[in-house]
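Accompanying notes for the structure given below.
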Amino acid sequence: MSITIFQNASIVDGASAVPREGVNVLVEDGHIREVSDAPLRAKDARVVDLAGKVLMPGLIDCHVHVIASEANLGRNALLPDSLVAAHASVIMRGMLMRGFTTVRDVGGADFGLQQAVEEGLFEGPRLVICGKALSQTGGHCDFRGRYDVRDRHAFDRKLGSLGRICDGLSEVRLAAREEIKAGAQFIKIMANGGVASPTDPIAFMGFSREEVTAIVEEAQNAQTYVAAHLYTDEAIRRGVECGVHSVEHANLVTAETAKLMAEKGAFACPTLVTYEALKSEGANYGLPESSVAKIDDVRLAGLRSLEILHSAGVTMVYGSDLLGAMHRHQSEEFVIRGRVLPAMDVIRSATLDAARLCGMDGKIGCIAPGAYADLIVVDGNPLDDLALLTGQGRSMPAIMKEGRFVKNTLDA
Ligand SMILES: [Zn+2]
């Protein structure tokens, strides 16, 4: 079995505001076996000297849609599954090469894609999946438009569809159970209007209180939680009161509701980069006009929401939520957040805190014995300059996933 020893590393993981210097890390069988200030030795080990470089846990993005190869999500849902899977493999490879070794897919990716990565059929981040996001008729996963009367279940089984439509208590329960049976590790619901969908203004509430509560119960029965697409303060408050654990976006949150989130231990997953990308490039990449008109309803409140969540003590995780050709902006969320938040907190959102939300505390997002050897080497200290994490991995000479280098230019 191959053994790698990283020596003289400065570790940055989001746990402290300064790097931990002079650390040695032993990797064996895909896992981190030892982390020590003292020199480590092992027979036949490959030794990599990291003097002057930073070693970080592989990054975690908690809000992606790997099946979104087009910004027009209605059209994406119509693509053949085979084409969607092929596009997803390219999108996922791109994520891995930006240093993201785990991503939480919040709508669309299925067990097959997760399995394909695990079997090594293509290079990509580890996937944490929810299957299809649940949406009500006319909600954020209903892309049929005003005059489109196709059956609401027409997209349930399409790989290119972010979600599926269900209405009423028995249907939402069945949908949640089907997703869990199919391998969902959490349940995603669309509980508020959205940008990319045609008939739901941002202020619309998605699902009734009873439906949200029922889905939360189904998730809890399966030992997991509900993540909800939420923008307005009213919708966030209602969702959290109903037991939603992961608040996606949260752009229009108020201090009072943020306080409730903190009390309840709910996480927030802001995704500011997607609104910047949609604003500048969305129309060019096929975002429908009805959606372009809605971007600023949420975009303009973005940075303020970070400050509100931060001062209320809400745990924030890293999210990007990009679509189609805009996926290349995935790492820019680091820089956007760094404008108002301490760099250490921004990093922790993509490491230690993200791992907790993925239910993989101690396995990912940290450099500790027993964790997967998901590691990135950075030329410079991201605590001083978060932009080192951007640029398609240009400042990352090495990226390791489960003990194997997927990129290594250190020797070159
Ligand atoms: Zn999303």
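Numbering of residues begins at 1 and proceeds along the displayed sequence. This is a predicted model, so every value here is computed, not measured. Scope of the values below: all heavy atoms of this structure, side chains included, with no hydrogens, waters or symmetry mates. In listed order, ligands and their atoms are each counted from 1.
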> Distance only, no hydrogens: is a donor on one side chain within 3.5 Å (strictly under) of an acceptor on the other, for Asn192 and His229?
Replying inline: no
>> Could you check whether Phe100 and Tyr318 have their ring centres less than 6.0 Å apart?
In response: yes
>> Using 30° and 60° as the class boundaries, would you call the ring planes of His245 and Phe267 parallel, tilted or perpendicular?
In response: perpendicular
> Met400 and side-chain contact (heavy atoms from CB on, under 4.5 Å): which partner among Thr101, Asp374, Leu375, Ile376?
Replying inline: Leu375
> With no hydrogens and no angle check, do the side chains of Asp167 and Thr137 hold a donor and an acceptor under 3.5 Å apart?
Replying inline: yes
> Using 30° and 60° as the class limits, which term best fits the ring planes of Tyr225 and Phe186: parallel, tilted or perpendicular?
Replying inline: parallel
>> Short of 2.8 Å from the Zn ion (ligand 1), name each protein N/O/S atom, waters not counted.
In response: His63 NE2, His65 NE2, Asp321 OD1
